[in-house]
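One structure is given here, and the rest of the page talks about it.
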Amino acid sequence: MAGFLEPPIKKQKSEDNNTAFNSNQSTSQNSTNGKVNGHTNNTPVNRNPPFCKFPSSPKFNNTFDPKPRHSDHLKALIKQRRALPIFPVRAKLLSELEKQDFVILIGETGSGKTTQIPQFLHEQRWDRKGAICITQPRRVAAITISKRVAEEMDTKLGGLVGYSVRFEEAVSQSTKLKFVTDGMLMREAIVDPLLSKYSWIILDEAHERTISTDVLFGIVKDAHKNRKANGKDPLKVIIMSATMDVDHFSNYFHKCPVLYVEGRQHPIDMFYAKEKQDDYVLTSMSTVFQIHKEAPPQHDILVFLTGQEEIDSVVHTIRQIAKDSSLSEYPRLRVHPLYAALPAHQQLEVFRATAEGERKVIVSTNIAETSITIPGIRYVVDSGRAKIRSYHPNSGFDMLKVRKISQAQAWQRAGRAGREAAGHCYRGFTREEFDALELNPVPEILRSNLASVILQLLAIGIKNVLTFDFIDKPSPEHVQEAIEQLTLLGAVTVQSETLELTETGKKMAQFPLEPRYAKVILSGPEYGCTDEVLSIIAALSSESVFVNPSGKREAAAIAKRKFISVEGDHITLLKIIRAFKAVKSNKMWCHENFLNFRNLTYALEVRKQLVQVCQRCGVNISSCQQNFDAVRRCLVAGLFTSVSELQLDGRYLTLAAKQEATIHPSSVLFGGKPAYVLFTELVHTGQTYMHVNTPVDAQWLYDVAPEYFRKRHIKINP
DNA sequence: GAGCACTGC
């Protein structure tokens, strides 16, 4: 224990980073906040925010008239609005936006850009001819921001201001300020590639580089060009972001101007490890106790680690150490884990205010980087690690690996300490190691299966996906692999080097699903089991429906037996969904059967949406009742590229890439040796595992894709 | 007999 208490890190204040988050500096004219300065070593960042330097243009003034009827609450809101850093630069901003079709706006947390700019545009009545659409990477953000803006504008949500996210929307004919998830706007583009409803598109949080934002970059550029060419009203585009590689973005958007607005962030002291640490978990824990012994009570600590298991064990250890009598003179420690898989009531614990004489320690995954904001955090301990998923085109498996985070992520994490007051960030890595980190995270689009993206681009009418104007081009292998998959699924045909969407492909694009799942559903009518595969695919779209509490493994296993089918995991899922529907989504029933109510409810919601898409596409929904062979054959029709074959030595090799894989112990097929296994995904952890599996007949494989399997020489049993 | 960061349609 003494090892933990002995700090391996010597306090080492880094001069430039100490000032980096200094709010005094960030109010001066030629500096924004920490992130900008944090990048100065490596990035050509314009450190002269033009907003602060130029006088207001006479055409746009910096005031607006609150109507006298306003309540005290509204007056307070107006006061808050006027105090935002974006407010003084309103005029300059508007004059720039009037002139330009594309503008990049860099502003850190607290600048007010997201809530104010849509209102500025509305106040100019620039939304007369078309609405303003503002995208967010996350649903909650889209909803909460729209609520805030509606409140500020003193209108009812769903009227002038609205939102639209999957499964939920509040919009009407009169909605002019519409907050949506980026995925939602992608969907809209399939129906309306010119985005003709909108006069302004604001892509917010662009630095996060989600697949959808990246694709939208290209789509808005295309829509802008085509609207111009067709003599339609121009599309105006604002890219909003925290600090990023500005030149890269500006060059992409026709060398458009980049505007800066300062953020509002309290100063943060940065501490780096003096020397390399070889055990980041141990380093993080000892840092917590070092802080604990020095910091005043109620100054809470947020620790960033990588995953559930690691976090649970660290939480346990910290609690054990905290009991030691040598620590009795210090504040009482309240330690909480935080990760997405945690039940909601346990997640809520982290929001509970710290009592007097107490200190809260939150040990979290990167969920606390952006998705969840915890009040009271004054200290951040950053292990510098996160789990990141990447996809390998040739082998087709997903890797979920612990990796070093990027500099941008490190700044984001540090920033969590400075939201309410001056904060501190302790980094379990040296300054040299920090400098050696990648500046920005690898964009999602460069580490994902592109089949969905390519299908959607084709559906939008972008003919040449090979030359699509991605801001960062995926590798040709990635693109080629996606095209091959789509060809095998019968979604596209390749004719003299151009891709053509088939009728099936057009329908597939309508589904909010991976193309191979959409293909399963579209194959439903042929096997008379659309009803069944809808349930299975909906279940696959959700997180695991099983609950497996560590103390009650035995009981959970017994409960699962009721639903287990020798016909595999997919049929087992089907039985569970059927049973859940039969008990009318009973929560108690879920509890008794060790099933996850939230995820099952989500699955039914997805199912409902899929049914609607089926109706739109004219897909007949019929049931095969107990004919599970039909269901399995139907699964093969979409998932036939995910099949492995039993070898003479008892191993399995995937047919697609001859990759060795093992049946995961959570599968009902575990311990058995069917000749052919259809799996849902390959996950590469210690070994390569097949997750969610169904045994299939070789003959079925031939029936669905004769050529594909002839090449692979599968053996048909007599 | 293994173990899974986080979003989104």
Side-chain angles (χ1 to χ4, degrees), chain A residues 135-142 164-169 180-191 205 208-216 304-313 337-342 364-372 383 385-390 398-403 405 409 412-413 441 443-445 447-448 452-453 455-456 459 508-515 517-518 537-538 541-544 546 548 550 553 557 599 602 605-606 609-610 612-613 662-671 681-692:
Chain A
T135 71
Q136 292 293 322
R138 281 170 291 279
R139 297 163 50 93
V140 265
S164 174
V165 301
R166 191 181 187 183
F167 306 133
E168 213 181 315
E169 63 171 20
V180 303
T181 44
D182 47 16
M184 204 67 185
L185 187 58
M186 272 271 286
R187 285 277 144 199
E188 283 189 23
I190 295 182
V191 186
E205 311 286 5
E208 290 199 22
R209 303 293 307 274
T210 67
I211 289 196
S212 301
T213 335
D214 265 30
V215 176
L216 282 171
F304 282 105
L305 288 172
T306 64
Q308 178 172 338
E309 215 169 327
E310 188 179 272
I311 287 168
D312 284 339
S313 106
L338 179 63
Y339 40 81
L342 210 62
S364 172
T365 60
N366 47 3
I367 191 172
E369 231 170 59
T370 47
S371 303
I372 290 180
S383 65
R385 304 291 200 288
K387 281 192 183 172
I388 295 180
R389 191 180 275 277
S390 48
D398 268 348
M399 302 253 280
L400 189 67
K401 270 195 170 173
V402 173
R403 288 168 209 260
I405 61 172
Q409 282 168 290
Q412 177 77 38
R413 288 178 172 194
E444 198 185 356
I445 200 155
R447 48 185 178 84
S448 307
S452 296
V453 168
L455 185 67
Q456 275 159 19
M508 279 165 69
Q510 302 299 310
F511 287 88
L513 293 171
E514 278 181 46
Y517 290 168
I537 298 299
S541 301
S542 140
E543 300 277 301
S544 173
F546 298 105
N548 215 359
S550 49
R553 295 282 156 82
N599 293 346
Y602 176 84
E605 195 142 19
V606 173
Q609 190 188 19
L610 297 178
Q612 286 166 1
V613 181
T662 319
I663 294 175
H664 194 272
S666 66
S667 172
V668 301
L669 298 191
F670 183 75
E681 55 176 1
L682 282 185
V683 176
H684 195 76
T685 45
Q687 313 180 44
T688 302
Y689 289 103
M690 298 181 272
H691 271 210
V692 192

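Predicted model only: the values in this text are computed from it and were never measured.
Every residue two or more places apart in sequence or in another chain that forms a ring-ring contact (aromatic ring centres under 6.0 Å, His included) with Y602(A) is listed here: F167(A). Among residues two or more places apart in sequence or in another chain, the salt bridge (charged side-chain N to carboxylate O under 4.0 Å, His left out) test is passed with E205(A) by none. By the salt bridge (charged side-chain N to carboxylate O under 4.0 Å, His left out) test, E309(A) is found to be paired with no residue, residues two or more places apart in sequence or in another chain being considered. Take E310(A) and apply the salt bridge (charged side-chain N to carboxylate O under 4.0 Å, His left out) test, not counting sequence neighbours, and it matches no residue. Residues forming a side chain to side chain donor-acceptor pair (under 3.5 Å) with R187(A) (at least two apart in sequence, or on another chain): none.
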Protein-to-nucleotide contact annotation, 5' to 3' order, nucleotides 3-9 of chain B [B base; S sugar-phosphate only; - none; under 4.0 Å, heavy atom]: BBBSSSB

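As rounded to whole Å, 19 Å separates atom P of dA2(B) from atom CG of D312(A).
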